[in-house]
Protein chains: 2
Amino acid sequence: MDSKTLSKYEARAVIIKAMAHPTRLFIVDQLAKKERSVNELTEMVGDDVSTISKHLAVLRNAGIVRDERRGAQVFYSLKVPCILNFFGCVEQVLRTTADEHLQVIKIR
Amino acid sequence: MDSKTLSKYEARAVIIKAMAHPTRLFIVDQLAKKERSVNELTEMVGDDVSTISKHLAVLRNAGIVRDERRGAQVFYSLKVPCILNFFGCVEQVLRTTADEHLQVIKIR
DNA sequence: TCCTTGTTTGGTCATTTTGCCAAATTGCCA
DNA sequence: TGGCAATTTGGCAAAATGACCAAACAAGGA
């Protein structure tokens with residue numbers, strides 16, 4: 001792979017890596033429903049605030065979410081809704097895998 | 001987040017993590033066109049064979065690709081084509097981000 | 001059976017990622 | 001300005017990831 005091709009895939013990988021964490025997936029799922037403050041998200045997840053803040057920074061730097069300060073609070077919202085299409089396909093992969101396990105059981 | 005909800009997002013994260021690497025993205029892109037042997041993919045990427053083999057194992061364990069041995073060679077192919085939809089959205093995120101940088105330049 | 005080609009596995013090391021705490025920052029209001 | 005609540009940043013230790021080499025495995029042909 002030449003370096004130009006590589007950098008194309010590196011740029012893509014940054015976006016996908018930003019989604020590649022259970023907590024960040026949960027956050028994206030919540031933000032798909034409505035915007036949330038850091039504090040709200042922190043309570044929903046149950047980790048330290050600083051941890052959530054860093055997860056949000058990852059999503060923000062990747063361009064997936066947007067932040068807006070209103071008074072003392074910072075509200076995050078989903079910037080690119082098509083991200084949700086990911087989930088549909090991910091579910092399909094999970095279903096396919098599950099089906100195969102059932103097949104194995106059946107054949108036995 | 002309760003442990004049941006967590007495990008749901010952990011399962012999803014396994015799939016997405018499997019895609020979160022430039023080399024693995026390249027491989028998926030190639031397999032979308034046609035099946036390939038480990039050796040062919042190795043030559044296209046230019047890393048050590050063992051490295052490619054391990055990347056393929058990650059994709060296989062995630063349920064994204066399928067392997068089939070024919071003689072001495074093992075051919076990999078894409079099992080879940082909807083994975084390609086990822087790319088469209090990823091490009092959109094990249095475009096959005098690029099546009100914002102342009103805005104910043106314009107405003108200056 | 002031995003050899004050769006193609007692939008996977010085990011081991012090691014460097015790098016990156018995570019999550020917590022403590023400290024710094026921001027904005028509002030008395 | 002001082003104080004308070006919300007958020008971010010710096011720093012650190014533990015865990016996960018990625019890449020290479022060497023060794024083990026698998027399949028087919030001489």
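Remember, predicted model here, so these are calculated numbers, not experimental data. Reminder, nothing fancy here: chain letters follow the sequence lines and each chain counts from 1.
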Subject >> Side-chain ion pair, B:Asp29 and A:Arg12, N-O less than 4.0 Å >> reply: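 A salt bridge is present here (some side-chain N lies under 4.0 Å from a carboxylate O).
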
Original post:
Is a salt bridge present between A:Glu91 and B:Lys8, judged by a nitrogen-to-oxygen distance below 4.0 Å?
Top reply: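 Judged by the 4.0 Å cut-off on N to carboxylate O distance, A:Glu91 and B:Lys8 do not form a salt bridge.
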
Original post:
Between the main-chain N or O of A:Val49 and the side-chain N or O of A:Ser53, is there a donor-acceptor pair closer than 3.5 Å?
Top reply: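 Such a contact is absent between A:Ser53 side chain and A:Val49 backbone.
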
Subject >> Nucleotide range of DNA chain C lying under 4.0 Å from chain A heavy atoms >> reply: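 Answer, 5' to 3': C:dT17 to C:dC28.
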
**OP:** Mind jotting down which residue pairs meet the salt bridge (charged side-chain N to carboxylate O under 4.0 Å, His left out) criterion with at least one end in residues 69-78 of chain A? Sequence neighbours excluded, please.
**Re:**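 Checked against salt bridge (charged side-chain N to carboxylate O under 4.0 Å, His left out) - neighbours excluded - the pairs reaching residues 69-78 of chain A are A:Glu35-A:Arg70, A:Glu68-A:Arg70.
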
**OP:** Can you tell me which residue pairs pass the salt bridge (charged side-chain N to carboxylate O under 4.0 Å, His left out) test with a partner in residues 40-57 of chain B, sequence neighbours excluded?
**Re:**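 For residues 40-57 of chain B: B:Arg36-B:Glu40.
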
**OP:** Taking only the side-chain nitrogens and oxygens of A:Tyr76, find out if one of them lies under 4.0 Å from OP1 or OP2 of D:dA6.
**Re:**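 No, A:Tyr76 has no side-chain N/O under 4.0 Å of OP1/OP2 on D:dA6.
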
**OP:** Compute the angle between the rotation axes at the two ends of the helix from C:dT1-D:dA30 to C:dA30-D:dT1, each taken over five pairs, rounded to 10 degrees.
**Re:**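 Roughly 10° between the end axes, to the nearest 10°.
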
Subject >> Closest non-hydrogen atom pair between B:Ser7 and B:Lys4, with its separation >> reply: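 Minimum heavy-atom contact is OG-O, 2.9 Å.
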
Subject >> Exercise: identify the closest heavy-atom pair between B:Ala18 and B:Ile64 >> reply: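 The answer is CB-CD1, 3.9 Å.
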
Subject >> DNA chain D: 5'-proximal contact among A:Gln73 and A:Thr51 (nearest heavy atom) >> reply: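 Mapping each residue to its closest nucleotide by heavy atoms, the 5'-most match is A:Gln73.
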
Original post:
Which of parallel (below 30°), tilted (30 to 60°) and perpendicular (above 60°) describes B:His55 and B:His21?
Top reply: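 Tilted, since the angle between the ring planes falls between 30° and 60°.
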
Original post:
How long is the line joining CG of A:Leu56 and C1' of D:dA6, in whole Å?
Top reply: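 Rounding to the nearest Å, CG of A:Leu56 and C1' of D:dA6 are 13 Å apart.
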
Original post:
Rounded to whole angstrom units, what separation is found between the NE2 atom of B:His55 and the C1' atom of D:dT17?
Top reply: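 Atom-to-atom, B:His55 to D:dT17, this comes out as 10 Å.
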
Subject >> Step-by-step side-chain hydrogen bond (donor to acceptor under 3.5 Å, both in side chains) determination, B:Asp2 to B:Thr5 >> reply: CA-CA 5 Å; B:Asp2 61 288; B:Thr5 306; 2.6 Å; yes

**OP:** Please work out which residues in residues 13-50 of chain B have a non-hydrogen atom less than 4.0 Å from an atom of DNA chain D and list them by number.
**Re:**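 Under 4.0 Å from DNA chain D: B:Lys17, B:His21, B:Arg24, B:Asp47, B:Asp48, B:Ser50.
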
Original post:
What one-letter contact string describes nucleotides 23-30 of chain D from 5' to 3', where B marks a base within less than 4.0 Å of any protein heavy atom, S marks contact via sugar-phosphate atoms alone, and - marks no contact?
Top reply: ----SS--

